[in-house]
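Small disclaimer: the values here were computed from a predicted structure and weren't measured. The figures here come from the full heavy-atom set of this structure, side chains too, leaving out hydrogens, waters and symmetry mates.
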2 protein chains.
Amino acid sequence: MKHYGCGMPPESKIALERPDMRAHVLKAALLAIEEVGFTRLRIRDIADRAGMSTGHVLYYFGSRDRILVSTLLMSEADLDERRRVELAGLDDHAALERLVELYLPKSAQDVRWRLWAQVVARPPDDEETLLRLDGFFRSWAAALATVVRRLAGLGAEAAEDFAVRHCRLMDGLSNDVLLGMPGHDATWAKEAVLASMRRELP
Amino acid sequence: MKHYGCGMPPESKIALERPDMRAHVLKAALLAIEEVGFTRLRIRDIADRAGMSTGHVLYYFGSRDRILVSTLLMSEADLDERRRVELAGLDDHAALERLVELYLPKSAQDVRWRLWAQVVARPPDDEETLLRLDGFFRSWAAALATVVRRLAGLGAEAAEDFAVRHCRLMDGLSNDVLLGMPGHDATWAKEAVLASMRRELP
DNA sequence: TGGGAATTTGAATGCTACTCAAGTTTTGAG
DNA sequence: CTCAAAACTTGAGTAGCATTCAAATTCCCA
């Protein structure tokens with residue numbers, strides 16, 4: 001677990017010397033978002049919680065947007081690991097439901113999903129970051145494909161197609177959860193996905 | 001076509017007297033976004049193009065966020081009308097494809113979708129605006145349901161379910177288009193949706 | 001141990017949303 | 001028609017934020 005982000009010192013040639021410091025800042029960022037809320041988040045809030053100055057945070061990450069996308073990458077990496085651990089101990093039926101729960105936002109304030117919304121609204125311009133984000137999506141789809149393959153005896157290709165379509169569906173449903181659309185809470189989203197899955201699975 | 005937004009003068013009791021003025025500002029906002037780009041958009045850019053002061057724009061709309069959400073509402077209302085007109089002249093098969101084209105973003109810079117991304121990242125807090133946004137979603141789903149009902153002879157309920165699922169799928173795919181994910185352009189998104197639709201339609 | 005590179009700071013900069021006091025125009029009651 | 005209240009309009013002012021930067025400190029290794 002290292003080297004999440006993409007920032008670098010002004011005229012950099014080589015990434016910074018202390019990846020620990022970067023991870024430390026990103027954890028502070030998560031904490032800050034939870035405490036002050038996403039819309040009120042200032043770099044100052046992150047710096048305070050990381051025990052350093054605002055200038056120093058920007059020295060490592062270059063811009064506010066890069067802090068946020070790096071925080072998302074860390075958050076996805078952590079959840080990727082957590083998913084692996086949790087699903088290993090469940091039977092296929094329970095694993096399917098748990099995967100959906102882990103993927104979807106827990107509420108309109110869900111930090112990981114607020115970060116996604118932020119990144120979609122102000123996308124990074126470097127391809128490497130985009131590919132890393134896509135990698136996490138693929139990891140989710142692969143995990144879902146594995147589960148439904150065993151669960152429904154689908155072929156590899158059919159399972160992959162099913163998985164990708166339903167991950168995209170969850171992305172779409174998440175928009176409404178993030179908007180706080182009346183009646184469209186986390187439970188609604190979960191039921192909608194599972195209903196769609198049951199259409200195709202026996 | 002009137003009364004798109006939700007802003008009001010400071011201690012308002014009644015909405016502003018000149019809805020024309022509001023529509024005028026919102027058209028200026030669309031123009032400004034196209035010209036200066038979404039990320040660089042300042043209220044000043046909108047005010048200049050509307051031929052008024054920044055203070056006046058804010059007098060009508062209250063905040064930058066409200067301008068943007070109102071612009072989205074206008075954009076959706078226009079597209080709603082345009083969809084109605086265009087689809088009326090097409091056979092069911094062509095209408096299905098055209099509806100998908102109209103719904104999806106045309107590129108990563110698609111103004112309507114950039115507005116959606118912005119609104120999801122900073123959601124409005126008043127329920128009325130949320131319900132109006134939801135109304136446009138429902139309108140899209142209803143239009144799609146009508147087409148597939150005729151096209152595939154589905155029952156009303158099945159068509160509605162099909163339509164809602166595929167609109168959500170398009171929402172999810174749009175995220176990748178907006179991100180500028182390599183290879184995931186407007187054409188990719190369109191093909192992905194149509195492929196999913198063909199799975200269920202004869 | 002000396003010096004260059006990396007790190008760290010917080011004050012300065014600059015930009016932008018938002019406020020406001022002061023006018024101008026519109027409206028409608030009488 | 002009259003005139004005062006309400007609505008409208010302005011641009012200068014305020015405040016808050018991301019970002020820059022010059023200077024100070026620490027680290028590294030030859």
Tell me the interatomic distance from [X], atom [atom1], to [N], atom [atom2], rounded to whole angstroms.
X     : N      : atom1 : atom2 : answer
A:R64 : D:dG16 : CZ    : P     : 16 Å
B:L58 : D:dG13 : CG    : P     : 18 Å
B:R44 : D:dT10 : CZ    : P     : 13 Å
A:Y60 : C:dA6  : OH    : C1'   : 8 Å
B:I43 : C:dT16 : CD1   : P     : 11 Å
B:R42 : C:dC18 : CZ    : C1'   : 15 Å
A:R40 : C:dA17 : CZ    : P     : 20 Å
A:F61 : C:dT7  : CZ    : P     : 13 Å

Legend entry - B:D134: side chain to side chain donor-acceptor pair (under 3.5 Å) partners, not counting sequence neighbours: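 So B:D134 forms a side chain to side chain donor-acceptor pair (under 3.5 Å) with B:R138.
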Legend entry - Contacts of type side chain to side chain donor-acceptor pair (under 3.5 Å), residue A:H56, not counting sequence neighbours: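 Scan of A:H56 (side chain to side chain donor-acceptor pair (under 3.5 Å), adjacent residues dropped) gives none.
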Legend entry - Pairs involving residues 70-99 of chain B, ordered by first then second residue, that meet ring pair (Phe, Tyr, Trp, His ring centres under 6.0 Å) (sequence neighbours left out):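 Checked against ring pair (Phe, Tyr, Trp, His ring centres under 6.0 Å) - neighbours excluded - no pair reaches residues 70-99 of chain B.
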Inset, instruction - Would you mind checking if A:E200 and A:R165 are paired as a salt bridge, meaning a charged N to carboxylate O distance below 4.0 Å? - result: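 Yes, this pair counts.
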Inset, instruction - List in numerical order all residues of residues 48-55 of chain A for which some heavy atom is under 4.0 Å away from an atom belonging to DNA chain C. - result: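 A:M52, A:S53, A:G55 - these, ordered by number, are the residues of the stretch whose heavy atoms sit under 4.0 Å from the strand.
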Legend entry - Interatomic spacing from CZ in B:R66 to OG1 in B:T71 - rounded to 0.5 Å: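 Atom-to-atom, B:R66:CZ and B:T71:OG1 are 13.5 Å apart.
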Legend entry - B:Y59 side chain near D:dT9 phosphate (N/O to OP1/OP2, under 4.0 Å):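 For D:dT9, OP1/OP2 do not have a side-chain N/O of B:Y59 under 4.0 Å.
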Report the residues that fulfil side-chain contact (heavy atoms from CB on, under 4.5 Å) with [X], sequence neighbours left out, ordered by chain and then residue number.
X      : value
B:A94  : B:L90, B:D91
A:A32  : A:L41, A:D45, A:I46, A:R49
A:D110 : A:P105, A:K106, A:R112, A:W113
B:A152 : B:L154, B:L201, B:P202

Inset, instruction - Answer with base, sugar-phosphate or nothing: what part of the nucleic acid does A:I46 contact at a heavy-atom distance below 4.0 Å? - result: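 Touches nothing.
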Hey, what are the protein-to-nucleotides 22-24 of chain D N/O distances that come in under 3.5 Å?
none

Inset, instruction - Among the candidates D:dT20, D:dC8, C:dT9, find the nucleotide nearest to the side-chain atoms of A:H56. - result: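 Nearest to the side chain of A:H56 among the choices is C:dT9.
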